[in-house]
Number of protein chains: 2
Amino acid sequence: MTTSPRRIGTADSKSRAQLLDAAEQLLVEEGYAAVTSRRVAARAGLKPQLVHYYFRTMDDLFVEVFRRQADANLAALDAAVAKDGSLRHLWRLNAGTSGAAFTLEFVALANHRKAIRAELASYAERYRAAQLAALTNALRASGAPERVPPIVALVLMTGVTQVIGLEQALGVTSGHDETLAFVEQAIARLDAGEPL
Amino acid sequence: MTTSPRRIGTADSKSRAQLLDAAEQLLVEEGYAAVTSRRVAARAGLKPQLVHYYFRTMDDLFVEVFRRQADANLAALDAAVAKDGSLRHLWRLNAGTSGAAFTLEFVALANHRKAIRAELASYAERYRAAQLAALTNALRASGAPERVPPIVALVLMTGVTQVIGLEQALGVTSGHDETLAFVEQAIARLDAGEPL
DNA sequence: GTCTATAATCAGATAGAC
DNA sequence: GTCTATCTGATTATAGAC
């Protein structure tokens, strides 16, 4: 088996994994601007040039960091839904998104770097499709009369958790508690088979 | 009148305004990482050192760029609401937010820089308060029975426009059309005094 | 008040040694 | 396949001239 043209080292190299870990930590803790070859290497206890050996460019490094997390997220969603596909659980999964900082950095990066934008868009579509399937099942199972199409409910739900998550990170809190209470009450009614 | 300790040049200096304009353009077009003293100065047709003369640090420059836009946004909201305070108009105002890239960059910056986070949080709270006042009036004027508290409606509305705006920038589109149609239909009913 | 010369540091990337 | 020496250029910031 030949190595891919982009990856120079082997995929299971120890140094390579250490660099990915270090890059991810730096990204979350200090933002993408702090993810430089020198700082990544220093945190991994390696020489800066190794970054360019294992990942040709910094963009390639970013893409690999993203893919690793994206794959893990998709797998985690599938596993969680298989365990409990209820409406309440789906909401909890979405509302408790811990990787807000991670996502934010990549969105900002994607806004100006083509390779990363493509990666992020592909992941977002796959994640939404998986969520939609789960939400459609959950709504059907609740037996509540359908007044809101599942895809609309999903976009609304994503929107709420996104604003609240983002604003929380910035110290903005107006309306959060009221909105969360409202959503949870709505979900409780739906889960009981009542209309909204 | 003495100058503030932070601002060295006069506030109405021509060079100072040119630097602010250049910084804002770069920020939107290429992201905050592209806003370096050299590039800002080059775009303004000035020497890089002038950035540090008019704004002691790059963070100070970012804060000034943000304040200028934030003040303009708040004034624009007030003016627009005074002209037409209807539910439909409020929605259009929010949905048509053109400054998505601008906001995104500052949110990313704020996530890791204290001074900018404080600035952004203060602005976000003020903007939300202004929107809430307008929305409360609009809902009351519509005469529709209140099933959703205004603050909850506002957070929901902000969430929808935020996800859709963000995803649009990334090339993600699933569910956008359906959701926008749903929201606009709901607004039409409320504006006609009907319940949701 | 306005601007420049200069310092000190850090960036991404490649060519080549083992 | 793994890693290092090295090149070239950019970055923020200050000290001081006009």
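Each chain gets a letter, A, B and so on, in the order its sequence line appears, and its residues count up from 1. Computation of the quantities below employed the complete heavy-atom set of this structure, encompassing side-chain atoms and omitting hydrogens, waters and symmetry-equivalent molecules.
The aromatic ring centres of B:F66 and B:F62 sit 6.0 Å or more apart. Remark: aromatic rings of B:Y32 and A:Y32 are close, center separation under 6.0 Å.
With rounding to whole Å, B:Y53 atom OH is found 14 Å from D:dA17 atom C1'. Rounded to an integer number of Å, the gap from CG of B:L19 to P of D:dT12 is 13 Å. Rounded to whole Å, the distance from NE2 on A:H52 to P on C:dG16 is 18 Å. The CG-P distance, from B:L61 to D:dT11, rounds to 14 Å in whole Å. B:K14 places its NZ atom 10 Å from the P atom of C:dC3, with the value rounded to the nearest Å. The nearest whole Å value for the distance from the CZ atom in B:F55 to the P atom in D:dT11 is 18 Å. If you measure from atom NZ of B:K47 to atom C1' of C:dT4, you get 7 Å, rounded to the nearest angstrom. Distance CG (B:L46) to P (C:dG1): 18 Å, rounded to an integer number of Å.
Nearest nucleotide to the side chain of B:L50, out of C:dC3, C:dA11, D:dT11: C:dC3. For B:Y54, taking side-chain heavy atoms from C-beta onward, the closest of the listed nucleotides D:dT11, C:dT2, D:dT2 is C:dT2. Checked against C:dG12, C:dG1, D:dA10, the side chain of A:M58 finds its nearest nucleotide in C:dG12.
With contacts defined as side-chain heavy-atom distances shorter than 4.5 Å, the pair A:V65/A:F106 qualifies. By the 4.5 Å heavy-atom criterion applied to side chains, B:R117 and B:L109 are not counted as neighbours.
Put simply, B:T10 has no side-chain N or O that comes within less than 4.0 Å of OP1 or OP2 on C:dG1.
Donor-acceptor pairing under 3.5 Å, judged by distance alone, is absent between the side chain of B:R38 and the base of D:dA10. Side-chain atoms of A:Q49 and base atoms of C:dA13 include no donor and acceptor less than 3.5 Å apart.
In this structure, B:S37 reaches the bases: a heavy-atom distance under 4.0 Å links it to at least one base atom across the strands shown.
Screening B:R68, B:R16, B:R43, B:K14 for a salt bridge (charged side-chain N to carboxylate O under 4.0 Å, His left out) involving B:D21 leaves a single residue, B:R68.
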